[in-house]
Protein chains: 2
Amino acid sequence: MIDKSSPIPLYHQIEEVIKQGIEHGEYQPGDVLPAERVYAEQYQVSRMTVRQAITNLVNERYLYRIKGKGTFIAEPKLEQNLKGLTSFTEDMSARGMKASSKISKFDIIPANRSLAEQLNVDMHTPIYEIKRVRLAEEIPMALERTYIPANLIKGLSEERVLSSIYKYAEEQMGLKIKSATQTLEATIANKEEIKLLEVDQGGAPVLLMKRTSKLENGQTFEIVKSSYRADRYKFMIDLER
Amino acid sequence: MIDKSSPIPLYHQIEEVIKQGIEHGEYQPGDVLPAERVYAEQYQVSRMTVRQAITNLVNERYLYRIKGKGTFIAEPKLEQNLKGLTSFTEDMSARGMKASSKISKFDIIPANRSLAEQLNVDMHTPIYEIKRVRLAEEIPMALERTYIPANLIKGLSEERVLSSIYKYAEEQMGLKIKSATQTLEATIANKEEIKLLEVDQGGAPVLLMKRTSKLENGQTFEIVKSSYRADRYKFMIDLER
DNA sequence: TAAGAAAATTGGTATATACAAATAAAATAT
DNA sequence: ATATTTTATTTGTATATACCAATTTTCTTA
């Protein structure tokens with residue numbers, strides 16, 4: 001596993017081994033990693049070399065350390081990054097408002113040309129279409145439409161959607177989301193949005209957020225389109241230093 | 001400067017000393033730092049301890065290293081972070097389009113109640129008001145309005161605005177921007193935007209980006225309001241892993 | 001003078017060691 | 001059985017050393 005004669009630095013090789021362990025699901029978030037001295041013994045390297053490997057993974061947010069306790073597996077990065085843009089639920093609770101959501105549609109539909117293109121599947125491929133209205137104190141704030149190829153995540157139910165699709169996909173289906181691209185644009189509310197968001201017919205502005213998430217193999221996992229009422233919601237980003 | 005009997009780790013003390021040097025302008029971006037062995041000799045600590053301090057600052061993007069050459073001062077972080085949201089000029093050049101801008105207003109105005117509040121100054125305080133239209137291939141894409149208290153940055157001219165206000169503020173005035181908060185919302189074009197962005201009168205949607213930048217002492221340095229044509233522009237954010 | 005070789009400088013990798021500080025587990029005393 | 005004390009384990013800090021690799025500077029040679 002570790003090749004001392006390789007030109008690749010030992011600490012880097014150890015990094016990769018640990019990373020693989022995380023990505024292959026041998027360790028779960030919150031699990032404790034073997035102690036530094038254990039790795040040192042196991043791979044016949046000095047503890048400082050193991051330490052350098054682990055330090056790098058800590059800086060990359062794969063791991064975190066607690067003095068006296070050990071080194072632990074961190075939550076996947078994507079969720080942390082998504083917090084850069086304040087998420088709906090968090091934002092609402094930060095303002096002392098109660099966030100809820102109501103599923104207005106939960107179906108499997110055949111992919112039309114546009115969906116097929118965006119999800120990178122053949123036309124007519126079965127696709128989950130999930131629509132939900134995000135509410136704050138019972139007032140509609142956003143309409144969220146999620147599209148996921150049905151073959152990727154079988155056995156999805158309304159109950160599971162209400163908790164976390166991501167968690168279900170990772171823990172039950174072994175799917176890891178690797179990256180996501182998010183865009184923000186402004187549009188005018190269409191008929192569906194006017195009805196579900198309860199806004200004026202006369203050209204109410206909405207903030208449209210589109211997110212495309214990809215798996216490790218490059219396949220598109222989901223498309224999420226969220227329409228936020230412009231009069232009630234804005235996105236905030238803090239930039240430090 | 002370095003206290004070996006202090007409970008604060010040596011590497012952390014050294015970090016602070018170097019950081020201070022950067023923030024007090026003793027080093028400029030691109031300058032080379034004294035070699036690790038020089039610091040070790042100077043502070044009478046081992047090279048590895050210096051290395052740990054520098055490694056941390058490299059991870060925090062204060063410094064970067066080149067093997068065989070040395071350790072150098074990085075560009076201030078704010079500009080790097082702002083690239084998380086693709087900037088107008090970059091975005092255009094990435095698409096092979098030529099970006100330009102046209103200043104439509106450059107004045108000093110007395111602060112009204114709203115401006116005074118947002119900039120945290122007294123009413124009637126003189127404020128630079130700079131309006132410019134951002135163009136791509138001569139087509140108007142955005143209207144940008146910048147407000148800066150005049151006492152903060154004397155001698156600002158139209159020419160300087162065309163290059164970089166930030167650079168002028170930092171290099172000539174010694175002002176360092178510490179943080180910025182950015183919001184994105186959707187609105188309908190007002191009269192000014194209809195005229196300068198050349199959009200329809202009938203309720204054209206625009207993306208409104210507001211940025212408030214603060215100095216180290218907490219004072220507000222500037223407010224920037226940018227209205228982007230929703231039919232021509234959207235913001236994109238990439239989230240890795 | 002110009003080209004090439006050698007030496008010096010700088011960061012990169014790796015080891016071995018020692019003790020500190022926080023936490024957890026085990027042993028002991030009440 | 002329950003506190004308390006002791007011991008072991010784990011990460012954190014720091015040193016001293018050695019050699020590697022990339023780059024720059026200096027010296028030598030043609």
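Naming: A, B, ... by sequence-line order, numbering from 1 per chain.
- Following rounding to the nearest Å, A:Ile8 (CD1) and D:dC20 (C1') show an atom-to-atom distance of 16 Å.
- The stretch residues 49-59 of chain A touches DNA chain D through A:Arg51, each having a heavy atom under 4.0 angstrom from the strand.
- Residues passing the side chain to side chain contact (heavy atoms under 4.5 Å, CB included) test with A:Lys210, sequence neighbours excluded: A:Thr183, A:Glu185, A:Leu208, A:Lys225.
- Computed from coordinates, the B:Lys67 NZ to D:dC19 P distance equals 18 Å when rounded to whole Å.
- Rounded to whole angstrom, the span from the CD atom of B:Gln13 across to the P atom of D:dT13 amounts to 12 Å.
- By the salt bridge (Lys or Arg N to Asp or Glu O under 4.0 Å) test, B:Lys131 is found to be paired with B:Glu192, residues two or more places apart in sequence or in another chain being considered.
- Of the residues in residues 31-40 of chain B, B:Ala35, B:Glu36, B:Arg37 come within less than 4.0 Å of DNA chain C through at least one heavy atom, sorted by number.
- Applying the side chain to side chain contact (heavy atoms under 4.5 Å, CB included) rule to A:Lys214 yields the partners A:Ser179, A:Thr220; only residues at least two apart in sequence or on another chain are considered.
- When ring centroids are compared, B:Tyr228 and B:Phe235 come within the 6.0 Å threshold.
- B:Phe72 places its CZ atom 11 Å from the P atom of D:dT23, with the value rounded to the nearest Å.
- If A:Tyr11 and A:Lys69 are placed on DNA chain C by their nearest nucleotide, the residue sitting closer to the 5' end is A:Tyr11.
- The rotation axes computed at either terminus of the helix from C:dT1-D:dA30 to C:dT30-D:dA1 lie 10° apart, taking five pairs at each end and rounding to 10 degrees.
- Evaluated for a side-chain hydrogen bond (donor to acceptor under 3.5 Å, both in side chains) with B:Thr55, the options B:Arg65, B:Glu15, B:Glu60 yield exactly one hit, B:Arg65.
- Whole-Å rounding puts the B:Tyr64 OH to D:dA22 P distance at 19 Å.
- Checked by atom type and distance alone, the side chain of A:Lys178 never pairs as donor or acceptor with a backbone atom of A:Ser213 at under 3.5 Å.
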Exercise. Dump the intermediate steps for side-chain contact (heavy atoms from CB on, under 4.5 Å) on A:Ile8 and A:Asp3, then the final yes or no.
Key: CA-CA 8 Å; A:Ile8 298 164; A:Asp3 178 6; over 6 Å; no
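- For B:Arg47, the salt bridge (Lys or Arg N to Asp or Glu O under 4.0 Å) test picks out B:Glu36, with sequence neighbours left out.
- In this structure, B:Glu137 has no salt bridge (Lys or Arg N to Asp or Glu O under 4.0 Å) partners at least two apart in sequence or on a different chain.
- Between B:Arg134 and B:Glu144 there is a salt bridge, since at least one side-chain N of the basic residue sits less than 4.0 Å from a carboxylate O of the acidic one.
- Not counting sequence neighbours, B:Glu41 has no partner by the salt bridge (Lys or Arg N to Asp or Glu O under 4.0 Å) test.
- Protein chain B contacts DNA chain C from C:dT10 to C:dA14, reading 5' to 3' and using non-hydrogen atoms of the protein with a distance under 4.0 Å.
- Taking B:Arg232 as the reference, nothing meets the side-chain hydrogen bond (donor to acceptor under 3.5 Å, both in side chains) condition, with sequence neighbours excluded.
- In this view, A:Thr71 satisfies the side-chain hydrogen bond (donor to acceptor under 3.5 Å, both in side chains) rule with no residue, not counting sequence neighbours.
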